[in-house]
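These numbers come from a predicted model, not from an experiment.
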Amino acid sequence: MIKEVTDQYNAQKIEEKVHNFWEDNQAYMKVREHRRGEKRFFFVDGPPYTTGHIHLGTAWNKIIKDSILRYKSMNGHDIVDRAGWDMHGLPIEVKVEGVLGFESKKDIESYGVEKFVNKCKEFALKQKDAMTDQFRTLGTWLDWEDPYMTLKDEYIEAAWWTLKQAYEKDLLEVGKRVVNWCPRCETAIADSEVEYEDRTDPSIFIKFATKNENDTYIVIWTTTPWTIPANMAVAVNPDFEYAKIRAVKEDKEEILIMASDLVESVLKKGRYTDYEILETMPGEDVAGMEYKHPLVENIPEQSKFDHRVYLADFVTAENTGCVHIAPGHGVDDFDVGKANDIPAFCPVGSNGHYTREAGKYEGMNIRDANKVVMEDLDAKGLLLADDTITHRYGHCWRCKTPIIYLATKQWFIKIGDLKEDMLAEIKRVDWHPDWAGSARFRDWIEGARDWCISRQRYWGIPLPVWRCEECESLKVVGTRKELQEIADVDPNTELHRPYVDEIKLTCDCGGRMSRIEDVFDVWFDSAVASWATLNYPHREDQFKEWWPADFITEGHDQTRGWFYSQLGASMVAFGQAPYKSVLMHGFTLDSTGKKMSKSLGNVVQPHEVIEKYGADSLRCYVLSSSAPWEDLKFNQDELATIHRTINILWNVYRFPLPYMALDKFDPLEVSFEAVEPYLRKEDRWILSRMQSVIEEVDRSMEQYLLHRAIRTINEFVLEDLSRWYIQLIRPRTWNEADDPDKLAVYRVLYDVFANLCKVIAPFMPHLAEEMYGNIVKNVDPDAALTVHMCNWPKVDESLKDTDLEEKMTAVRAMVEAASNARQKVKRKLRWPVNRIVIEPENRQVYDAVMDLRFVLMDQTNAKDIDLVEVNHSWDELGVEASPNHSAIGPVFKQDAGKVIQYIQKADANELKKGLANGELEISLEGESATLTPEMVKFEDKIPSMVAVADFSGGRIYVDANLTRDIESEGFAREVIRRIQDMRKELDLEVDENILAHIRIDDERIVDLVLDRENYIAKEVRSQVQVIGFDVDATGTLVKDWNVEGIDVHIGISPAN
RNA sequence: GGGCCCGUAGCUUAGCCAGGUUGAGCGCACGGCUGAUAACCGUGAGGUCCUGCGUUCGAAUCGCAGCGGGCCCA
């Protein structure tokens, strides 16, 4: 039986109840099982990093996923949706190091790698559990019980296998390259792990003394003085013009070489007082010039090298136009070195301290060295200018240490060889929005470089590469099984460091093979998620059935991240994209559009929001506020508005329940067919609207336009249900008998809610479940366990009537206009009006009035409707004529006054008729004159106590003239309203009877009210009722009122 | 500095693809309704459609340049 719900909407209570229900009944599992064997939908969860706490962005991410999956499930899809966790890598290492108070890798080594790795694992698992709970409070359904975890051996195997594919396809490369390096973490980091932030650095100009000419210097510029010890060359642009100048400063003269266009600015920086250009030359002529390393006296190693000027296209016309080249410390520099056989001299160690090769600087930290290098240069008179600059500089994404560039030996995936195929593949992927793939992702891939996948760390998937200590040949292992076949390995050995490090292989040459110590870049972990989540290569069957993914969705930062890493790994492994469609979503920003960050203190925690408004409100807010791919400016007020909307939905839902419960309404007994003959126009209208809403939600969801889907639903709830349908049917629900008109309303409302709870299910899963539980499951014990197991409602074409929907829209416009007009004559809606008059502009509006006459009368509280023919005027309108002076003057000159008087005195109707067909001859004091239509302005004269208002399809008049009958009804309803108010105050049951004593301090009004004594008694359920001028207004509750200036005293009591 | 996206009322947004009087919600002011009532409805005020230039009879919409914000990159 349907139950009354008396409470206000209480999200927390409902959500807790629903969560318990889901858990007790294993609802998630049963829903997924329910769909086994239906159309497959393979979803891959982008694994969040196990930081221990979710934030608004990850919450939004999972909410999008959940809503789409729920929708897909209801639409008959068999879903794979293992939740994923990204659990390896530096972030956790850094965190654990922090807990243990470590400062460098040495601390880890002395603590013991095994203990350290176990700490990391423990930490990751704990964080995962905490985050799972947090995600669950959002009501998100993924396979939380059996998630994929990158730290699991099965998962590690997927990465190993993939690397072996790369090796076998000659896509794996090892070599010395310049990489981003974190001197604190002592490891290479990927481009995508570099965070750019503002930083202030030295900005210095240095003179390099040329070898063959005295007192002649090439001027270079740098922001990293510490790289000067590694300087090996200077680069100039072949297309620039360079100048050799004599520069003067404090009576000293020297000869400087730099780009011609930059001479003035450089000399200004160096505070030179005068200069003269000695010679200009193209860059090509500068090339080949030899110079002396500025610190060669401090760095003996540098005396072994020649230093020259080379040509390079990347040199820009900034600073001096001559670029300091240190092949050991820069990507471009490295390339210049490679092209010209310059050694990549790199006197800096992995910890950011100079090595023995740096001579004087050995052991010094490079950041501390900046100052020393500058002092040394200055002492030698080689520091031309010394300033600072604030610029964007890369930092380690985890420990925020400024990165350096180091030439080191690393492992790479040759993206260059795959690029063309990748570009072809992404065209086959369905991108939402389209530009996410066709523009943004394509641009990124076009600029992509080889992918450095090795890290010199501990907590990660070990690279499955063994190298012979004798002959250096390599062995790449793809699976645990393979490893067991070629080595004596305990089958329970965990595939992490340090355990795998202990495994030694035997080379074909007889030499001993040891694993190279690196672990994978953590991005490689998640890159293999689409097959790792299917346990491939451990199992093949699932992979064959499901792969590739039907759908993934992540934020736009993942363009360079997971969208890319997955594509790269999948091209290596299978030569095709691992996903068929991608929805790129936005970022959550604070209410002013700034990034949320701890340092700005503007972070909004999901749990705070949930505690205040509930998960369904949060879900609806983040989904509806903007298009998925746009950034979300998180705004509490907007969230509160959405919450209010859901509250209205709740009120709409609970409104009919007391009546239904009272009448023991059973939808299994009262069929739609049975009530169909009694349906009113508005009933058919709301049923049609429901169908249109389903259709529109479908259309939106097809394109992942979740915001449109929810806005459609909210508008339906607010506009159609709350503001219109419920208002229209209220009186019908108060009928007491087994009235078929009332049963029709019940049935219609029931069908609307039965559909509505399914339509909101993907977005407000808790509220949907609550509604479903009461109105469906309480009625039908055989109904599906949960609303989420139901089939998505199918549009019933027989209920759709778009013509009726349009007519109702027109009627609503008229009611609004009528309300506007009433306000002009200050006639409250409670007071009926004699009639309203409609002047329709077109046939459709005319038909709408004909068809929905009752609705219109009801909602305008009018006794009658006069419907005028299309494009005709109401015949009771008077006409007012006024002279148009500017047209009359020029024609009649001095007689104009007489004409004006004539028009003012004339019968406006006659005048209008006369002018209708053009000119009109009139007689002015015996003389005839000719009036033309421009000379007279006609305006409608509205009868008194009639107000007018326009609406989009015409004009409406409200005749508010009072009659005794109307006054009687008006006052009666005023009295009724106040008694109802008092009943409410006494908290009486809806069907409880009362005694009422009413004293009205005006005899005429007493008379009017007595006309409707019975009506009042019926409306307020008064058994005994005394109304009069001399009544003693007594009762349990007595109140004094003022109605339209008349004092009214009312006393009521419960009848027994 | 480059790529992509965004910029419309105090706030959140629709309209932009396919050019033809900027439309809503929140908030505000005023009014109404009254057994959904801690709810609900109406009316009103409030817009240099980021700026400038161009295309066009006509630009929020198309193009170019710039400004501001976001993500990504250098």
* Who pairs with A:Ala1017 by side-chain contact (heavy atoms from CB on, under 4.5 Å), at least two apart in sequence or on another chain? -> A:Ser1022, A:Gln1025
* **Partners meeting side-chain contact (heavy atoms from CB on, under 4.5 Å) with A:Glu638 (sequence neighbours left out)** => A:Tyr621, A:Asn635
* Options B:C26, B:G15, B:A74, nucleotide nearest the side-chain atoms of A:Arg449 -> B:A74
Interface polar pairs with nucleotides 30-33 of chain B, N/O, under 3.5 angstrom:
from	atom 1	to	atom 2	distance (Å)
B:C33	OP1	A:Arg830	NH2	3.3
B:C33	OP2	A:Arg830	NH2	3.1

* Asked: Is there a donor and acceptor pair, one atom on the side chain of A:Ser722 and one on the base of B:A36, closer than 3.5 Å?
  -> yes
* To do: Show your working on side chain to side chain contact (heavy atoms under 4.5 Å, CB included) between A:Val811 and A:Trp724 and close with a plain yes or no.
  => CA-CA 11 Å; A:Val811 166; A:Trp724 198 243; 4.3 Å; yes
* Between B:C72, B:A36, B:A39, which nucleotide has the shortest distance from any of its atoms to the side chain of A:Val652? -> B:A36
* Check every atom of B:C71, B:C26, B:U43 against the side chain of A:Glu816 and return the nucleotide holding the closest atom. => B:U43
* Asked: For A:Asp631, which residues count as a salt bridge (charged side-chain N to carboxylate O under 4.0 Å, His left out) partner, sequence neighbours excluded?
  -> none
* Residue list, ring-ring contact (aromatic ring centres under 6.0 Å, His included) with A:Phe971, at least two apart or on another chain -> A:Trp831
Mind listing the N/O atom pairs, protein and nucleotides 9-13 of chain B, below 3.5 Å?
from	atom 1	to	atom 2	distance (Å)
B:C11	O2'	A:Asn635	ND2	2.9
B:U12	OP1	A:Lys633	NZ	3.4
B:U12	O4'	A:Glu638	OE2	3.2

* A:Arg654 side chain, from C-beta outward: closest of B:G25, B:U37, B:G70 -> B:U37
* **Residues which pass salt bridge (charged side-chain N to carboxylate O under 4.0 Å, His left out) with A:Arg955, listed by chain and number, not counting sequence neighbours** => A:Asp940, A:Asp950
* Asked: What residues form a salt bridge (charged side-chain N to carboxylate O under 4.0 Å, His left out) with A:Lys828, not counting sequence neighbours?
  -> A:Glu974, A:Glu1044
* Set of side-chain contact (heavy atoms from CB on, under 4.5 Å) partners for A:Gln558, sequence neighbours left out -> A:Trp523, A:Glu554, A:Trp562, A:Phe563
